[in-house]
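Throughout, a chain's letter reflects where its sequence line sits, starting with A, and its residues are numbered from 1.
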Amino acid sequence: MTALVFTPEHDELRRSVRRFLEAKSPSAAVRALMADETGYDTEVWKQMANQLGLQGIAIPERFGGSGFSFVELAIVLEETGRGLVPAPYLSSVVMAGYAILDSGDESAAADLLPGIADGSRVATLAFTEDSGRWEPDAITMPATADGDRWLLNGAKSYVVDGHIADLLVVAAETAAGLSLFAVDPATPGITRSLLPTLDQTRKLARITFDDVPARLIGTPGGAVATLPRTLDKVALALAAEQVGGTQRVLDMAVEYAKVRHQFDRPVGSFQAIKHKAADMLARLESARSAAYYGAWAVATDSDEVPTVASLAKAYCSDAFFFAAAENIQIHGGVGFTWEHDAHLYFKRAKSTQLFLGDTPYHREQLAQRIGI
Amino acid sequence: MDIDLGPEAARFRQSMREWIAGNAPDGLATLTDWNVTGMTGGNPVNAEAERSPLYAEWERRLRAANLICAWWPEKFGGRGLTPVQHAIFTEELSRAGLPYVRRGFGEAMVGPSIMAHGTPEQQEYFLPRIISAEDVYCQGFSEPNHGSDLAGVQTKAVLDGDELVITGQKVWTSAWYRANMIFILCRTDPDAPKHRGLSYVLVPFLDNNILARPLKQMTGAAEFGEEFFDGARAPLFNVIGGLNNGWRVAMTTLGFERGGGVSTAYLRYEKQFWDLVELARKVGRERDPVVRQELAWAYSHVQIMRFTGLRALARLASGQEPGPEASTTKLFWSEYERRLGEIAADLLGAEGMIRPAGDGYPISPWQEVFLASRAGTIYSGTSEIQRNIIAERALGLPRAGSAS
């Protein structure tokens, strides 16, 4: 596979995913699910698995997936980002999936990944706490050894799809350091509450744990090394989603600028509008470069992944937000309405900019990672 | 990350590596950092190193191997390198720390125009003189009253027998002091519509009733000149593409000129970035959170230049046309460098208000970057023009004043 070039097979994957999502998750469906507590269409989710194998695309074959790489996964993510598709894809496939895979625990992977791969199990990663901090060092929730089991006590917040997941992968502190645990949310001692979100296309939950028994994934203290690597992949997954969203808002803005007339001419013929659109395209293409390079870096297990992940998370977040904001501006009054889709992308852009750490956080991380 | 360009490209790379290893004069690579390009104090950064006999020997060997203007077709004296081969050639020179010997405007603009629009006689006469550097060209396009609106130029040329007699003024002519030829756009039919009355003429620059003066710029240097044409003469043989066809000739871009430097252009910015880190350390501010944000911002942009260059190379290698990312390159690096200059100026602090002592207007290297970067967003198409072009060509937005 040559880096940075999409093959005809890649293009076909993108086309079929886009066709599917446009048909099954159009704007009306998105809006209906925004108002729905579960937040995703279980039928569509099943079809994503059965018809297109999307959940398992990058999960190794020995764990029930198709064994493709992060490049193919990024294509799917770009399309889900483009459509603001309300589905627990980021949470289950990327966050929980990679947390389990990166742990190196073959037994846990064999038990847990096949269900994620065929969509029968919806998982998520619970690591952030009420502090709203994103660095693994900020995790304080303890996991105490109790014979040959572990008990979790405390609270996790901002858990994507946490309220409906049927498997929680939880990061908690043991005496040996940060570790990962698998928990069935139906276990007594767990309470889950849906948090009302600015971006209603992505659900977040707060989860409390009261002496909840949990299964260790990997080794005690193992997550010190592996969770940062997982979060790098999540950052690059978000970057791919953001590229999809940025392209969509650019398309929206350009289309509007061509048909909306004022002063007897299309508003897109005015230089101020042209310059906004040009700036949106310039940032989109740079964001694309960062996201794609990152995807290939993960796929080739490059040692550049940590720096590209920080770089891409910051850049792509800002590019998406800028473009979503300009899209509203180019639309004028109608861009401010609830009815128009511009605000959906604007809210997704801001939320993904904040999720996993904001731009200053990732720029500081980048500075450290390059040795400054 | 390596872009797999295919087995033929790999063989070509190997052959280039071997040729370079066998022909690079000892000591040339260590003479200076040839990857750093640009101007300082009004001169190319490596001007002195270029005067070394090692450089001259290197130049001779490149010429003998048709590796000057290497991407020109073989029938015109080049090696006919494809865009991918040209990119590989540039990469291998960079890897070996050796200079890419270029023939300036002659290689990049005049030669291609002659190849596309010249007669066989013109090609036979002018092209070898570019490769040999017998003719060194400067560009006579902009005028005091016509910069962005190039098609409106007023310098006029009148037919006198088999010569054109040229009167007018040109401005912003870079490296005029090294040139013996100036290629100009001039008006040969004042009655024709704007774009259709222009001719593209190769004009002898010396002893030809052209008064050339340095144009002092805000860095204190004079990299550009202004020229007053008072009856300068050029034979009709020097009109490329025929009379009144100059606009089309000037707009010539050839498909095969892409590739060179696409994956190496970022290198000078990468070096500049680490110099900036060094500056931050020197002034004791590398732990300042705001400074760290700015350094990370700068690093991100340099890496994005690298990533975008690799994307472009990968597209070339797979035979695809350049994508929209190609139209934003100039905008990206020029606006980056402008902001980079501001970051550097601010890091200098109070000392940034003070210049080095000496005659004239000497400035420190970072002061040079700060001041000189204000021109990057203006020359070769202002940022505003670039945005118009991107909006119209890449996004299809309608031209100003159109009703559809």
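Looking at A/L311 and B/I304, their side chains come closer than 4.5 Å, going by heavy atoms from C-beta outward. You'll find the side chain of B/Q303 stays beyond 4.5 Å of the side chain of A/T307, heavy atoms only. At least one side-chain heavy atom of A/I370 sits under 4.5 Å from a side-chain heavy atom of B/F273. Proximity of A/K274 to B/R387: side-chain heavy atoms (C-beta onward) are nowhere separated by under 4.5 Å.
In this structure, A/E255 places its CD atom where only 12 or fewer heavy-atom neighbours from other residues, nucleotides or ligands lie under 6.0 Å away. The environment of B/R339 atom CZ is dense: over 12 non-hydrogen atoms of other residues, nucleotides or ligands sit within 6.0 angstrom. Enclosure of atom CD in B/E8 is not indicated, since only 12 or fewer non-hydrogen atoms of other residues, nucleotides or ligands lie within 6.0 angstrom. More than 12 non-hydrogen atoms from other residues, nucleotides or ligands lie less than 6.0 angstrom from NZ of B/K194. Shown here is A/E135, whose CD atom has more than 12 heavy atoms of other residues, nucleotides or ligands within 6.0 Å. Within a 6.0 Å sphere centred on CZ of B/F141, heavy atoms belonging to other residues, nucleotides or ligands number more than 12.
In terms of heavy-atom pairs under 4.5 Å with chain A, the best-connected choice from B/R287, B/Q293, B/E294 is B/Q293. If you tally non-hydrogen atom pairs under 4.5 Å between each of B/F332, B/Y299, B/F307 and chain A, the highest count goes to B/F307. Chain A forms more heavy-atom pairs under 4.5 Å with one residue of B/L313, B/N388, B/I390, B/I389 than with any other, namely B/N388. Listed options B/S383, B/G396, B/G309 were ranked by heavy-atom pairs under 4.5 angstrom with chain A; first place goes to B/G396. Highest contact tally toward chain B, considering only A/A287, A/A290, A/A314, is held by A/A290 [criterion: heavy-atom pairs under 4.5 Å]. Between chain B and the options A/R369, A/Q368, A/R288, A/M280, heavy-atom pairs under 4.5 Å are most frequent for A/R288. Interface summary for chain B: among A/I372, A/V308, A/V259, the most heavy-atom pairs under 4.5 angstrom belong to A/I372. Each of A/P360, A/A312, A/A277 has some count of heavy-atom pairs under 4.5 Å with chain B, and the biggest count is that of A/P360.
A donor-acceptor distance shorter than 3.5 angstrom exists from the side chain of B/R311 to the backbone of A/E285, with no hydrogens or angles considered.
Using a 4.5 Å cut-off between heavy atoms, A/L284 does not touch chain B at all. Contact annotation for B/Q320: only side-chain heavy atoms (C-beta onward) come within less than 4.5 Å of a heavy atom of chain A. For a residue to count as touching a neighbouring chain, one of its non-hydrogen atoms must lie under 4.5 Å from one of that chain's; by this rule B/S300 touches chain A with backbone and side chain alike. For A/F6, the part lying near chain B is the backbone, with the side chain staying farther off; criterion is any non-hydrogen pair under 4.5 Å. With a threshold of 4.5 angstrom between heavy atoms, A/Y315 approaches chain B through side-chain atoms but not through N, CA, C or O.
Minimum heavy-atom separation, A/A3 to B/A314: O-CB, 3.7 Å. Contact record, B/T308 with A/S289: OG1-OG, 2.7 Å, taken as the closest heavy-atom pair. Across all non-hydrogen atoms, the minimal contact from A/A278 to B/L395 is N-CD1, 4.2 Å.
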Go through it in stages, so that I can follow the logic: the residues are B/R292 and A/R363, the test is side chain to side chain contact (heavy atoms under 4.5 Å, CB included), and I'd like the CA-CA distance, side-chain angles, deciding distance and then a yes or no. CA-CA 8 Å; B/R292 295 172 68 79; A/R363 292 244 156 96; over 6 Å; no

Could you please spell out the steps behind the side chain to side chain contact (heavy atoms under 4.5 Å, CB included) verdict for B/D4 and A/V5? CA-CA 10 Å; B/D4 178 8; A/V5 177; over 6 Å; no

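Note that CD1 of A/I273 is 9.0 Å distant from CG of B/L397, once rounded to the nearest 0.5 Å. A distance of 10.0 Å separates CG of B/L295 from CG of A/L366, quoted to the nearest 0.5 Å.
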